[in-house]
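What follows is a short report on a single structure.
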Amino acid sequence: QVHLVESGGGVVQPGRSLRLSCAASGFTFSTFSMHWVRQAPGKGLEWVAVMSDDGTQRYYADSVKGRFTISRDNSKNTLYLQMNSLRVQDTAVYYCARGGGATLDYWGQGTLLTVSS
Amino acid sequence: DIQMTQSPSSLSASVGDRVTITCRASQTINSYLNWYQQKPGKAPRFLIYAASSLQSGVPSRFNGSGSGTDFTLTISSLQPEDFATYYCQQSYSNVWTFGQGTKVEMK
């Protein structure tokens with residue numbers, strides 16, 4: 001079955017960088033686009049970024065454009081999110097999700113990032 | 001970016017009630033509209049795609065409708081496990097967006 005496991009969250013100071021990972025299993029990773037979605041404490045879902053199956057296309061939410069970079073390693077079945085110039089408002093649970101066509105059909109359990117001084 | 005607006009933000013209902021949630025897009029999105037359910041502390045669950053098609057395993061009491069800019073999620077007879085927050089999401093543009101969510105609470 002499809003399994004997505006995020007890791008890399010933690011506590012980081014404003015302005016610092018961090019990289020999240022999402023290990024995928026149970027499906028042919030290299031044939032699906034992959035997304036990051038976040039949820040600030042007590043708030044709604046916010047779509048963050050997507051990368052195409054072959055890594056040639058990436059799109060970002062305006063709130064993270066220029067600071068975050070999505071990438072993937074299809075040989076390792078792993079999705080990444082490099083986050084630079086972190087802000088307090090980036091504090092959230094970060095989910096990776098599989099792009100099943102025009103949907104987010106499977107989600108990981110999330111990893112919590114706290115940006116605080 | 002396309003803005004998605006859900007209403008109401010929250011509602012109170014009883015088991016057996018019919019519940020309707022609406023979602024409006026700031027521009028036409030054809031039928032590129034999905035619905036998700038989220039319970040506290042859990043990852044979202046994918047319910048409906050292409051505005052009206054149920055994901056495998058989703059009970060038939062869930063129904064989605066609409067196209068263009070106006071969409072509806074209806075739960076025909078609310079069950080105890082349906083108390084949750086529901087989100088609409090558009091995948092028409094390259095930059096996807098969610099509605100702000102509708103919390104369905106027990107009356």
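We use all heavy atoms of the structure for the numbers below, so side chains are in, but hydrogens, waters and symmetry mates are not. A note on names: the letters A, B, ... follow the listed sequences, proteins ahead of strands, and every chain is numbered from 1.
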Counting heavy-atom pairs under 4.5 Å to chain A, which of B:Thr97, B:Asp1, B:Leu47 comes out on top? B:Asp1

Do you reckon [X] sits in the same ILVMFWY cluster as [Y], going by side-chain contacts under 4.5 Å, direct or chained?
X       : Y       : value
A:Leu20 : A:Met51 : yes
B:Trp96 : A:Phe32 : no
A:Leu81 : A:Tyr59 : no
B:Leu73 : B:Val58 : yes
B:Tyr49 : B:Tyr92 : no

Heavy-atom pair of closest approach, residues [X] and [Y]:
X        : Y       : answer
A:Gly108 : B:Ala43 : O-CB, 3.1 Å
A:Leu45  : B:Phe98 : O-CB, 3.6 Å
A:Tyr95  : B:Gln38 : OH-NE2, 3.4 Å
A:Ala102 : B:Ser91 : O-OG, 2.8 Å
A:Val50  : B:Asn94 : CG1-O, 4.3 Å

If I measure from the heavy atoms of chain B, does A:Gln57 come under 4.5 Å with its side chain, its backbone, both, or neither? neither

Side chain, backbone, both or neither: which part of A:Val93 has an atom under 4.5 Å from a heavy atom of chain B? neither

Is the CZ atom of B:Arg45 crowded by more than 12 outside heavy atoms at less than 6.0 Å? yes

Please say whether more than 12 non-hydrogen atoms of neighbouring residues, nucleotides or ligands are located less than 6.0 Å from OH in B:Tyr32. no

Exam field: side chain A:Asp105 to backbone B:Phe46, donor-acceptor pair closer than 3.5 Å: no

Parallel, tilted or perpendicular: ring planes of A:Trp107 versus B:Tyr36, cut at 30 and 60 degrees: perpendicular

